[in-house]
Amino acid sequence: MPELPEVETVRRALEIGLDGLSVAGVDGHPVMMRRPLDVGLIASRIDGRRFTAARRRGKYLLVDFDGAGTLMIHLGMSGRLMLCETTEPILHHTHLTLSLSDGRELRFVDPRRFGFAHWLEPGEEDLDPSLAGLGVEPLDPDMEVLLPPLLHARRSPVKSLILDQHLIAGVGNIYAAEALWRAGIRPTRPGCRTSLTRLRRLAVTTREVIEEAVAQGGTTIRDYATPAGDFGYFAVRLQVYGKEGQPCPRCGRVLKDTRIAGRITVWCPHCQR
DNA sequence: CCAGTATCCTGCAGGC
DNA sequence: TGCCTGCAGGATACTG
């Protein structure tokens with residue numbers, strides 16, 4: 001579900017919503033997610049602890065607890081965090097619930113269980129394989145310099161490359177399609193067959209589309225919502241994602257869809273070469 | 001090391 | 001109406 005803009009929106013909501021609060025109880029039951037959910041371990045570490053920060057790296061959320069360590073959360077495809085009253089109905093597939101010192105709750109819901117919540121002891125963060133392998137942040141000022149040579153060294157389709165979290169962290173299927181359309185690059189074009197000039201252009205459009213989406217609170221396609229239940233408003237600005245068969249906003253010809261590395265990609269055969 | 005595919009899981013839409 | 005298939009914002013383990 002969530003790509004960088006959605007995760008960043010969630011992070012900001014947690015930063016404000018959890019400010020000054022502490023954990024007054026942990027509830028849930030062990031379940032197999034992308035990493036096993038160890039409710040007992042999490043409870044033993046955070047119960048009674050105060051929230052000190054909410055950080056983000058790529059699509060990973062990092063919630064710090066007063067020197068105790070960090071709860072690392074990935075929302076996968078269907079994951080959602082809810083900051084709500086205890087009277088709020090409990091959704092199916094609510095795996096973890098933190099009772100908060102103000103009487104509210106933070107709930108982690110994930111029907112498909114492609115996400116996870118994993119406890120990191122102090123110092124473990126740098127060793128975590130998922131975090132350690134992440135590429136450059138799209139909002140990093142150096143990104144436009146660092147990324148193009150990396151893409152140029154690979155034979156895979158550029159679409160696959162900007163989805164590769166080891167190269168650039170946080171871009172998913174929606175923003176990959178949008179960035180490629182803005183840059184005028186055919187998604188199937190191999191990285192090594194794309195000029196550095198055009199790859200620089202792609203780096204710029206990627207940063208731009210991510211920035212604009214963050215400003216709009218992300219994109220709601222079906223069920224994404226912020227912890228407060230708000231939707232993301234970037235959907236109205238999507239130009240190609242989910243619009244196969246419709247006219248290209250630039251040239252008016254019909255947008256096509258192709259499957260690349262198992263993921264659908266919408267693109268304009270006329271504008272994207 | 002690199003590139004491509006299969007796989008985890010549930011919910012929902014569309015075809016018959 | 002109901003059953004079946006395929007698809008969905010992702011990451012990783014495998015294969016060649």
Side-chain angles (χ1 to χ4, degrees), chain A residues 1-11 30-37 56-61 72-81 91-95 108-118 128-135 138 149-180 187-193 206 209-210 213-214 216-226 230-238 240-245 257-266:
Chain A
M1 173 224 293
E3 309 183 26
L4 190 155
E6 293 75 40
V7 177
E8 175 61 20
T9 303
V10 171
R11 187 201 68 75
V31 62
M32 200 57 196
M33 307 193 67
R34 208 178 86 225
R35 298 187 189 189
L37 179 62
R56 178 193 59 74
R57 180 77 172 92
K59 301 173 193 171
Y60 296 89
L61 275 171
M72 171 186 183
I73 296 170
H74 195 289
L75 300 175
M77 291 277 258
S78 56
R80 195 176 154 189
L81 288 171
L91 295 181
H92 199 202
H93 306 294
T94 298
H95 304 299
F108 178 36
V109 186
D110 185 4
R112 292 179 68 181
R113 286 186 268 138
F114 283 3
F116 65 82
H118 177 82
D128 187 274
S130 300
L131 295 174
L134 287 177
L150 295 177
L151 303 187
H152 198 64
R154 304 292 212 93
R155 270 176 284 189
S156 297
V158 279
K159 167 74 185 318
S160 301
L161 296 176
I162 56 171
L163 286 178
D164 186 341
Q165 303 299 301
H166 302 96
L167 301 175
I168 176 168
V171 181
N173 211 29
I174 294 177
Y175 303 115
E178 296 296 314
L180 284 161
T188 52
R189 176 176 283 279
C192 61
R193 299 280 306 276
T206 299
V209 76
I210 295 279
V214 169
Q216 296 298 311
T219 303
T220 296
I221 297 295
R222 22 185 341 122
D223 51 12
Y224 164 75
T226 70
D230 299 320
F231 301 124
Y233 292 104
F234 192 73
V236 297
R237 301 220 196 164
L238 295 177
V240 290
Y241 179 85
K243 300 191 184 292
E244 61 276 14
D257 58 332
T258 315
R259 199 160 271 280
I260 300 172
R263 324 271 324 258
I264 211 72
T265 297
V266 185

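Because the structure is a prediction, the values reported are computed rather than measured. So that the names make sense, note that chain A is the first sequence line, chain B the second, and so on, each numbered from 1.
- In terms of phosphate contacts, A:His74 brings no side-chain nitrogen or oxygen within less than 4.0 Å of OP1 or OP2 of C:dG10.
- What separates CG of A:Asp110 from C1' of C:dA11 is a distance of 13 Å, to the nearest Å.
- One can place CG of A:Leu161 at 13 Å from C1' of B:dG4, the figure rounded to the nearest angstrom.
- Between C:dT12 and B:dG11, the distance separating the two C1' atoms is 23 Å to the nearest Å.
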**Report entry** Which nucleotides of DNA chain C pair, in dot-bracket form (Watson-Crick or G-U under 3.5 Å, | meaning another strand)
**Finding:** .|||||||.|||||||
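- Among the atoms of the strands shown, only primed sugar atoms or phosphate atoms (P, OP1, OP2) are found under 4.0 Å from some heavy atom of A:Ile264.
- Under the rule for a side-chain contact (heavy atoms from CB on, under 4.5 Å), the partners of A:Ile264 that lie at least two apart in sequence or sit in another chain are A:Asn173, A:Asp257, A:Arg259.
- Comparing C:dG10, C:dA8, B:dA3 against the side chain of A:Arg154 picks out B:dA3 as the nearest.
- Between A:Ser130 and A:His74 there is no side-chain heavy-atom pair separated by less than 4.5 Å.
- For the 3.5 Å distance criterion, the side chains of A:Arg154 and A:Ser160 fail to qualify, holding no donor opposite an acceptor.
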**Report entry** Sugar-phosphate or base contact per nucleotide [nucleotides 6-12 of chain B; S, B, -; heavy atom under 4.0 Å]
**Finding:** --BBBSS
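- Here A:Ser130 lies in heavy-atom contact (under 4.0 Å) with sugar-phosphate atoms only.
- The separation between A:Phe116 atom CZ and C:dA11 atom P is 9 Å, rounded to whole Å.
- Taking atom CD1 on A:Ile168 and atom C1' on C:dA11, their separation rounds to 17 Å, with Å as the unit.
- Atom P of nucleotide B:dA3 and atom CG of A:Leu151 are separated by 11 Å, given to the nearest angstrom.
- Environment of CZ in A:Arg155: sparse, with no more than 12 heavy atoms of neighbouring residues, nucleotides or ligands closer than 6.0 Å.
- At a threshold of 4.0 angstrom between heavy atoms, the contacts of A:Arg259 are confined to the sugar-phosphate backbone, with no base atom among them.
- With rounding to whole Å, A:Arg155 atom CZ is found 9 Å from B:dG4 atom P.
- When each of A:Arg35 and A:Thr219 is assigned the nucleotide of DNA chain C with its nearest heavy atom, A:Thr219 is the one assigned upstream, toward the 5' end.
- Under a 3.5 Å cut-off, the side chain of A:Thr220 and the backbone N or O of A:Gly232 do form a donor-acceptor pair.
- One interatomic measurement links the two molecules: OH of A:Tyr175 to C1' of C:dG10, which rounds to 15 Å at whole-angstrom precision.
- If you measure from atom CD1 of A:Ile73 to atom C1' of C:dA11, you get 17 Å, rounded to the nearest angstrom.
- In this structure, the nucleotide among C:dT12, C:dA8, C:dG10 sitting nearest to the side chain of A:Lys59 is C:dG10.
- As judged by a 4.0 angstrom heavy-atom cut-off over every strand, A:Gly262 is placed among residues making no nucleic acid contact.
- Remark: side-chain polar atoms of A:Gln216 are not paired, donor with acceptor, to backbone N or O of A:Phe234 under 3.5 angstrom.
- Checked for salt-bridge contact, A:Asp110 and A:Arg34 miss the test: no charged N lies under 4.0 Å from a carboxylate O.
- Taking the side chain as every heavy atom from C-beta outward, A:Ile221 and A:Leu238 approach each other to under 4.5 Å.
- Each of C:dT12, C:dG10, C:dA8 was ranked by its minimum atom distance to the side chain of A:Tyr241; first place goes to C:dA8.
- Using a 4.0 Å heavy-atom cutoff across all strands shown, A:Pro190 reaches no nucleic acid atom at all.
- A 4.5 Å side-chain heavy-atom check between A:Val10 and A:Ile73 finds every atom pair outside the cut-off.
- Side-chain contact check for A:Glu178 versus A:Val240: some heavy-atom pair is nearer than 4.5 Å.
- Distances shorter than 4.0 Å separate none of the side-chain N or O atoms of A:Ser78 from OP1 or OP2 on C:dA8.
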